[in-house]
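Below, chains carry the letters A, B, ... as their sequence lines are ordered, and counting in each starts from 1.
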2 protein chains.
Amino acid sequence: MLSRRAKYGLKALLALARTGGDEPTRISDLARDEHIPKKFLELILLELKGHGLVASRKGVGGGYILGKPADLITMGEVVRILDGPLAPIACVSQTAYERCPDCPDEQACGVRFVMKQVRDGIADILDNTAITDVIAAGTTKKRRAAGRRS
Amino acid sequence: MLSRRAKYGLKALLALARTGGDEPTRISDLARDEHIPKKFLELILLELKGHGLVASRKGVGGGYILGKPADLITMGEVVRILDGPLAPIACVSQTAYERCPDCPDEQACGVRFVMKQVRDGIADILDNTAITDVIAAGTTKKRRAAGRRS
DNA sequence: CGAGTAGCCTACCAGTTCACTAGGCTATTC
DNA sequence: GAATAGCCTAGTGAACTGGTAGGCTACTCG
């Protein structure tokens, strides 16, 4: 499950990427346009800033801009920051591996076997989709974006 | 995230499928062998029974057996029963669709666009993997089970 | 310089979910 | 009819979710 935190964070980043320039966007504008509770968004952006995905300027004329090129920000990165590991179960996570206490032989575990495939499938999509890809798909959305991935 | 409920449920079903026959297995045996809290497993099996995935017999010599052929029980079905929809976000769910209140145009939503792919990826794996497939993969696990899916 | 703006930071909170546990009831078998 | 094994309802503590509140700090512009 994608939390609202992650959903809001993704929406905000997409919005920032769409406006493009180095003119910062205020939290309140972002919140209004994307229908996100302002104070909550504040927290989310702060966390994204901590990971360098966005940068901010204070005072009049301040706000947020992207912290690095939009094509270097992947959906996977954002989701991992805001929601933690992509893996449905810790014993198949690349970034937060932890073994199940109740598993005598990990290699023989059927649940793990299947969930590993699921994790790989999710990661394959999210780590290979940058926010630029999403925006591009959006602008050409009427004619079924084919061959989306590199 | 896969809850423990779902994990335990899957493990129990796999165990029941492995023993195969029509000799029922007791909850307490299942719990001991699979390292699952007994009372918790009881609840889980009860729910699976409600959906016909397992059947039970009471009294001496009683216990649980599969409620239908193992090759007709998919991982997706089990996860949906115990954990709800596979979709990471409700607006892309097939079984529990719900529109986001904060989305003016669903077709244009970038988050939805990507999460739809994720949902489809997850469903493709889980709905096409029956518990027999998992067991088969386990017995041949040393030589890299290739071409797993139909 | 100083007023206003806009982000920063800490704290708090209600509601829900998760992972169990308790304990009695009921059906079945021998 | 006693033992067994599943059925069923309830409860519970801890963690997480999705916010809100409110003051502080940095920055800009006149």
Side-chain angles (χ1 to χ4, degrees), chain A residues 1-12 16 22-32 34-67 79 81-85 88-90 96 100-102, chain B residues 1-12 16 23-32 34-67 79 81-85 88-90 100-102:
Chain A
M1 250 299 192
L2 193 77
S3 70
R4 285 189 207 212
R5 274 165 60 76
K7 181 175 123 187
Y8 292 160
L10 289 169
K11 286 178 75 171
L16 288 177
D22 28 61
E23 287 302 293
T25 307
R26 274 173 304 206
I27 294 179
S28 33
D29 291 346
L30 232 28
R32 173 178 29 79
E34 302 295 329
H35 308 97
I36 301 171
K38 185 188 155 192
K39 278 303 218 173
F40 194 28
L41 179 57
E42 199 177 304
L43 260 28
I44 295 165
L45 287 171
L46 215 44
E47 180 141 20
L48 292 178
K49 184 186 175 182
H51 292 264
L53 297 204
V54 293
S56 63
R57 201 188 305 165
K58 284 186 176 182
V60 177
Y64 276 93
I65 53 173
L66 290 184
V79 173
I81 289 169
L82 296 174
D83 267 8
I89 194 169
C100 299
D102 56 298
Chain B
M1 249 303 190
L2 193 78
S3 70
R4 284 188 211 212
R5 273 164 59 78
K7 180 175 123 188
Y8 292 159
L10 288 169
K11 286 178 75 172
L16 288 178
E23 287 301 294
T25 308
R26 275 173 303 207
I27 293 178
S28 34
D29 292 347
L30 230 29
R32 174 178 28 78
E34 302 294 329
H35 308 96
I36 301 171
K38 185 189 157 192
K39 276 300 214 173
F40 194 27
L41 179 57
E42 198 177 306
L43 259 28
I44 295 165
L45 288 171
L46 214 43
E47 180 141 21
L48 292 177
K49 184 185 175 184
H51 288 82
L53 298 203
V54 293
S56 63
R57 200 186 307 163
K58 285 185 174 184
V60 177
Y64 275 94
I65 52 172
L66 290 184
V79 172
I81 290 169
L82 296 174
D83 266 8
I89 195 168
C100 300
D102 57 298

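- If you measure from atom CG of B/L41 to atom P of C/dC20, you get 11 Å, rounded to the nearest angstrom.
- By the side-chain contact (heavy atoms from CB on, under 4.5 Å) test, A/R32 is found to be paired with A/D29, residues two or more places apart in sequence or in another chain being considered.
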Using a cutoff of under 3.5 Å, can you pull out all pairs of nitrogen or oxygen atoms linking the protein to nucleotides 2-6 of chain C, with atom names and distances?
from, atom 1, to, atom 2, distance (Å)
C/dA6, OP1, A/R26, NH1, 2.6
C/dA6, O4', A/G59, O, 3.3

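- Evaluation of the ring-ring contact (aromatic ring centres under 6.0 Å, His included) rule for B/Y64 yields no partner, not counting sequence neighbours.
- Applying the side-chain hydrogen bond (donor to acceptor under 3.5 Å, both in side chains) criterion to A/T25, with sequence neighbours excluded, gives no partner residue.
- Across the protein-nucleic acid pair, B/D29 atom CG and D/dG6 atom C1' stand 13 Å apart, rounded to whole Å.
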Under 3.5 Å donor-acceptor pairs involving side-chain atoms of residues 35-63 of chain A, not counting sequence neighbours:
from, atom 1, to, atom 2, distance (Å)
A/E47, OE1, A/R5, NH2, 2.8
A/K49, NZ, A/S56, OG, 2.9

Please tabulate the protein-to-nucleotide N/O contacts below 3.5 Å involving nucleotides 22-25 of chain C, giving atom names and distances.
from, atom 1, to, atom 2, distance (Å)
C/dG23, O6, B/K39, NZ, 2.1

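- Applying the 4.0 Å criterion to OP1 and OP2 of D/dG18, one finds that A/Y8 has every side-chain N and O outside that range.
- Between B/K7 and A/C100, the closest heavy-atom pair is NZ-SG, 3.6 Å.
- Proximity of A/S3 to the phosphate of D/dC16: no side-chain N or O atom is located under 4.0 Å from OP1 or OP2.
- At whole-Å resolution of the value, CG in B/L82 and C1' in C/dC18 are 13 Å apart.
- Pairing each heavy atom of B/A6 with each of B/L2, the nearest pair is CB-CD1, 3.7 Å.
- One atom, CG of B/L45, and another, C1' of D/dC8, lie 14 Å apart when rounded to the nearest Å.
- When the P atom of C/dA14 is taken as reference, atom CZ of A/F40 falls 17 Å away, rounded to whole Å.
- Here A/R4 reaches the OP1 or OP2 of D/dG19: one of its side-chain N or O atoms lies under 4.0 Å away.
- With rounding to the nearest 0.5 Å, the separation of CE in B/M1 from CZ in B/R4 is 9.5 Å.
- Closest approach of A/D102 and B/K11 over heavy atoms only: OD2-NZ, 2.6 Å.
- Summarising the geometry, the separation between CE on A/M1 and P on D/dT17 is reported as 12 Å, rounded to the nearest angstrom.
- The separation between A/I65 atom CD1 and C/dG7 atom P is 12 Å, rounded to whole Å.
- Side-chain contact between B/V79 and B/L10: present, with at least one pair of heavy atoms (C-beta onward) separated by less than 4.5 Å.
- Using a 4.0 Å heavy-atom distance criterion, A/K49 is classed as a sugar-phosphate-only contact.
- Rounded to whole Å, the distance from CD1 on A/I89 to P on C/dA19 is 11 Å.
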